[in-house]
Amino acid sequence: MSDLAAALDVLGARWALLIVEQLLEGPQRYGDLQRELGAGTNMLATRLRELEAAGVLYRLPLHHNTRAYALTERGLALRDAIDALSRWGADHT
């Protein structure tokens, strides 16, 4: 398996990179992510679980049994790739 194929196994699913992009701004609660992205609840919950299992993000406990999601070092390392994809999208769409 190529390195790109391995990366796509983690990040290639719909919404995954958009979630990471949102979390690059800082930790966010589930409801905030859903509102910002417009993703369905089942899809968002699935992607968050997958990204957590892959070590890209983690759940951050807050008060009153609520949680936020934040990027791990592995997730933060995606900043340059997301910036490059955003520039490509701006230039080629």
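Because the structure is a prediction, the values reported are computed rather than measured.
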Pair R79-I82, side-chain contact (heavy atoms from CB on, under 4.5 Å): steps then yes or no:
CA-CA 5 Å; R79 181 180 302 277; I82 288 174; over 6 Å; no
Under the side-chain contact (heavy atoms from CB on, under 4.5 Å) criterion, do I19 and L57 qualify, and how do the steps go?
CA-CA 10 Å; I19 292 168; L57 59 81; 4.3 Å; yes
Residue pair V56, L78: steps toward the side-chain contact (heavy atoms from CB on, under 4.5 Å) verdict:
CA-CA 9 Å; V56 174; L78 291 165; 4.2 Å; yes
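With sequence neighbours left out, the side chain to side chain donor-acceptor pair (under 3.5 Å) criterion links E50 to R47. Annotation: side chain to side chain donor-acceptor pair (under 3.5 Å) contacts of R59 (sequence neighbours excluded): E52.
Heavy-atom minimum distance, L11 versus A16: O-CB, 3.6 Å. The minimum heavy-atom distance linking A54 with V10 is given by the pair CB-CG1, 3.6 Å. The shortest non-hydrogen separation linking L44 to A39 is CB-CB, 4.3 Å.
Side-chain atoms of T66 and Y30, non-hydrogen and from C-beta on, never get closer than 4.5 Å to each other.
Within a 6.0 Å radius of CG in D3, other residues, nucleotides and ligands contribute 12 heavy atoms or fewer.
Separating the CG atom in L62 from the CZ atom in R67 is a distance of 9.5 Å, to the nearest 0.5 Å. For the atom pair S2 OG and L8 CG, the distance stands at 7.5 Å (nearest 0.5 Å).
Residue pairs meeting the ring pair (Phe, Tyr, Trp, His ring centres under 6.0 Å) criterion with at least one partner in residues 63-93, sequence neighbours excluded, are W88-H92. Residue pairs meeting the side chain to side chain donor-acceptor pair (under 3.5 Å) criterion with at least one member in residues 6-26, sequence neighbours excluded, do not occur.
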If you look only at distance, which donor and acceptor atoms sit under 3.5 Å apart when one is on a side chain in residues 31-38 and the other is two or more places apart or in another chain?
residue, atom, partner, partner atom, Å
D32, OD1, R35, NH2, 2.5
D32, OD2, R29, NE, 3.3

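Its side chain within the 4.5 Å cluster rule, Y58 clusters with L60 among the Ile, Leu, Val, Met, Phe, Trp and Tyr residues.
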